[in-house]
Amino acid sequence: MTSPDWPALTFSDWEDTCDTLHMWTQIVGKTRLALTPLENHWWNVTLYVTPRGLSTSAIPFRHESFDVEFDFIAHKLAIRTSEGKERNIALIPRSVADFYSEYMADLRSLGIDVSIHRRPDEFDDTTPFDEDTHHASYDVKHVESFRRILMNSDRILKAFRSRFIGKCSPVHFFWGSFDLAVSRFSGRRAPQREGADAMTKEGYSHELISCGFWPGDRRFKNAAFYSYTAPSPAGLDKESIEPQAAYFDSQLGEFLFKYDDMRAAASPDQALLEFCQSTYEAGANLAHWDREALERTPPKASQTAH
């Protein structure tokens, strides 16, 4: 019997809703991008898991601030200001263009003037948001499952993060790639990637090992947990990791632990923590990280999360 903490979420079953929600999060995320100063590795643009969904956290604007939260319980987008004003947008089957129009109008009504890049990033359809009338799905059941998976993934990734005392990202949601991630850093700069764009140069300026949850896409139609080391050391694909169902995907160039395999485990929480820890150890050892200096107490992959 699978745990209610980890509901089913098959990509093909909610592909249309996933795409629509992906575009909506990009619109909101790009608001934060436009109004906040650059932080290392684009940490200033991400969203964060809340008990109700995903939030920008506070965004400064002039001498006030506001936040935007996707509330996947009440199924609304809430825009709240430090002056006590609020606007709500219903999350229902509606086009990206319709959502964009109402969202920008609500921001203007609150005195928030912002211009965002209207084309999607890291997505296979670059139709501008204000012209996208074909992504218009919102299935409540699948969105609620997605919220629960994000909430529990956030919990486990935060437990994993707590073991590391070196530079480490928050557990945060990237609206471009549409995944929840946490990244550990060795403290060393990484070789610059030849021909890399500005986003990649900033994101991968230093050696890192990242793991997280991704609902899948049309290249890989399975929700999965992933882990990769950048730069990737020679032999990483040959390393043994846990649990047994996890593997190295040569096409994507990273370790994967399919969500359905995780939720079928005797202890899904334990299995996920083992995946994060064992793939980190594989990358850190091959890349010669100073683990003694970076870890609170180097644990075994079998150590449990509480």
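If you read the sequence from its start, that first residue is 1, and numbering goes on from there.
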**Item:** Evaluation steps, side chain to side chain contact (heavy atoms under 4.5 Å, CB included), between Tyr247 and Lys258
**Value:** CA-CA 9 Å; Tyr247 65 98; Lys258 290 181 180 178; 3.6 Å; yes
**Message:** With a 4.5 Å cut-off on side-chain heavy atoms, are Gln277 and Phe160 touching?
**Reply:** yes
**Partners passing side chain to side chain donor-acceptor pair (under 3.5 Å) against Asp290 (at least two apart in sequence or in another chain)** = none
**Prompt:** Just how far is it from atom CG of Leu77 to atom CD1 of Ile27, taken to the nearest 0.5 Å?
**Reply:** 10.0 Å
**Fill in**
So side chain to side chain donor-acceptor pair (under 3.5 Å) across residues 53-63, not counting sequence neighbours, yields none
**Request:** Please tell me if the side chains of Phe66 and Leu107 come closer than 4.5 Å, counting only heavy atoms from C-beta onward.
**Result:** yes
**Message:** Please find the pair of heavy atoms, one from Asp16 and one from Ser137, that lie closest to each other, and give the distance.
**Reply:** CB-OG, 3.4 Å
**Message:** With a 4.5 Å cut-off on side-chain heavy-atom distances among I, L, V, M, F, W and Y, is there a chain of contacts connecting Phe72 to Leu9?
**Reply:** yes
**Prompt:** Nearest heavy-atom pair of Gly253 and Tyr228: which atoms, and what distance?
**Reply:** O-CB, 4.4 Å
**Item:** Trp6 vs Asp269, side chain to side chain contact (heavy atoms under 4.5 Å, CB included): CA-CA, chis, key distance, verdict
**Value:** CA-CA 9 Å; Trp6 302 104; Asp269 292 17; 3.1 Å; yes
**Request:** Evaluate the side-chain proximity of Ser65 to Ile59: yes if any heavy-atom separation is below 4.5 Å, no if none is.
**Result:** no
**Prompt:** Please, which pairs that meet salt bridge (charged side-chain N to carboxylate O under 4.0 Å, His left out) have at least one residue in residues 245-255, sequence neighbours excluded?
**Reply:** none
**Asked** Is there a ring-ring contact (aromatic ring centres under 6.0 Å, His included) between His41 and Phe185 once you walk through the steps?
**Response** CA-CA 11 Å; His41 319 296; Phe185 293 80; 4.6 Å; yes
**Message:** Could you work out, with side chain to side chain contact (heavy atoms under 4.5 Å, CB included) as the rule, every residue matching Asn40, not counting sequence neighbours?
**Reply:** Trp43, Lys167, Glu202
**Prompt:** Does Lys158 pair with Asp154 as a salt bridge, N-O distance under 4.0 Å?
**Reply:** yes
**Request:** Group every Ile, Leu, Val, Met, Phe, Trp and Tyr by side-chain heavy-atom contacts under 4.5 Å, then state whether Val45 and Val114 land in the same group.
**Result:** yes
**Request:** Test side chain to side chain contact (heavy atoms under 4.5 Å, CB included) on Ser250 and Asp237 and set out the steps.
**Result:** CA-CA 8 Å; Ser250 57; Asp237 57 330; over 6 Å; no
**Request:** Indicate, with yes or no, if the rings of Phe123 and His135 have centres closer together than 6.0 Å.
**Result:** yes
**Prompt:** Taking atom CG of Asp71 and atom CZ of Arg52, what is their separation to the nearest 0.5 Å?
**Reply:** 4.0 Å
**Summary of salt bridge (charged side-chain N to carboxylate O under 4.0 Å, His left out) pairs that have at least one residue in residues 211-221, sequence neighbours excluded** = Glu15-Arg218, Asp19-Arg218, Asp124-Arg218, Asp217-Arg219
**Asked** At what distance, to the nearest 0.5 angstrom, does CG of Leu47 lie from CG of Asp67?
**Response** 11.0 Å
**Complete:** Going by chain and number, the hydrophobic cluster around Phe174 (ILVMFWY, side chain to side chain under 4.5 Å) further includes none
**Item:** Pairs satisfying salt bridge (charged side-chain N to carboxylate O under 4.0 Å, His left out), at least one member in residues 173-194, at least two apart
**Value:** Arg188-Glu207
**Prompt:** Is there a donor-acceptor contact under 3.5 Å linking the side chains of Glu64 and Thr81?
**Reply:** no
**Side-chain touch Arg148/Asn152, heavy atoms, less than 4.5 angstrom** = yes
**Residue pairs passing the salt bridge (charged side-chain N to carboxylate O under 4.0 Å, His left out) test where at least one lies in residues 135-147, sequence neighbours excluded** = none
**Prompt:** Cluster question for you: counting only ILVMFWY and a side-chain heavy-atom cut-off of under 4.5 Å, with indirect links fine, are Phe225 and Leu256 together?
**Reply:** no
**Prompt:** Salt bridge or not for Asp5 and Arg263, using N-O below 4.0 Å?
**Reply:** no
**Verdict with supporting geometry, Phe146 and Phe178, ring-ring contact (aromatic ring centres under 6.0 Å, His included)** = CA-CA 12 Å; Phe146 182 56; Phe178 206 62; 5.5 Å; yes
**Request:** Could you tell me which residues satisfy side chain to side chain contact (heavy atoms under 4.5 Å, CB included) with Ala271, sequence neighbours excluded, listed by chain and number?
**Result:** Pro243, Phe257, Ala265
**Atom of Cys168, atom of Val182 and distance for their closest heavy-atom approach** = SG-CG2, 3.9 Å
**Message:** Quick check on the hydrophobic clustering: are Ile156 and Trp214 connected, directly or via other members, by side-chain heavy-atom contacts under 4.5 Å?
**Reply:** no
**Message:** List the residues meeting side chain to side chain contact (heavy atoms under 4.5 Å, CB included) with Leu294, not counting sequence neighbours, and say none if there are none.
**Reply:** Phe164, Trp289
**Prompt:** Rounded to the nearest 0.5 Å, what separation is found between the OG atom of Ser145 and the CG atom of Asp13?
**Reply:** 10.0 Å
**Closest contact, heavy atoms only, Glu102 versus Asn88** = OE2-O, 4.1 Å
**Prompt:** If we ignore angles and hydrogens, is there a donor and acceptor under 3.5 Å between the side chains of Tyr280 and Glu295?
**Reply:** yes
**Message:** In this structure, would Tyr226 and Phe255 fall into the same cluster of hydrophobic residues linked by side-chain contacts under 4.5 Å?
**Reply:** no
**Distance, nearest 0.5 Å, that separates CG of Leu180 from CG of Leu150** = 6.0 Å
**Message:** Does any part of the side chain of Pro231, heavy atoms only, come nearer than 4.5 Å to the side chain of Pro191, both counted from C-beta?
**Reply:** yes
**Request:** Just jot down the salt bridge (Lys or Arg N to Asp or Glu O under 4.0 Å) partners of Asp125, sequence neighbours excluded, or say none.
**Result:** none
**Message:** If only side-chain N and O atoms count, and only distance matters, is there a donor-acceptor pair under 3.5 Å linking Ser101 with Asp98?
**Reply:** no
**Item:** Glu86 atom CD, over 12 foreign heavy atoms within 6.0 Å
**Value:** yes
**Fill in**
Only one of Thr46, Val28, Leu54, Leu33 passes side chain to side chain contact (heavy atoms under 4.5 Å, CB included) with Trp175, and that residue is Leu33
**Item:** Residues forming a side chain to side chain donor-acceptor pair (under 3.5 Å) with Tyr259, sequence neighbours excluded
**Value:** none
**Prompt:** Looking only at heavy atoms, what is the nearest atom pair of Asp121 and Lys30, with distance?
**Reply:** OD2-NZ, 2.8 Å
**Request:** Take His134 and Asp132 through the test side chain to side chain contact (heavy atoms under 4.5 Å, CB included) and record every step on the way to the result.
**Result:** CA-CA 6 Å; His134 50 281; Asp132 184 349; 3.3 Å; yes
**Request:** Assert yes or no for the condition that the ring centre distance of His75 to Tyr138 is strictly below 6.0 Å.
**Result:** yes
**Asked** For Ser183 and Ser210, which heavy atoms make the closest approach, and how far apart are they?
**Response** OG-OG, 3.1 Å
**Message:** Distance check, rounded to the nearest 0.5 Å: Met23 atom CE versus Thr127 atom OG1?
**Reply:** 9.5 Å
**Asked** Quick one: does Leu35's side chain get under 4.5 Å of Pro60's, heavy atoms only?
**Response** no
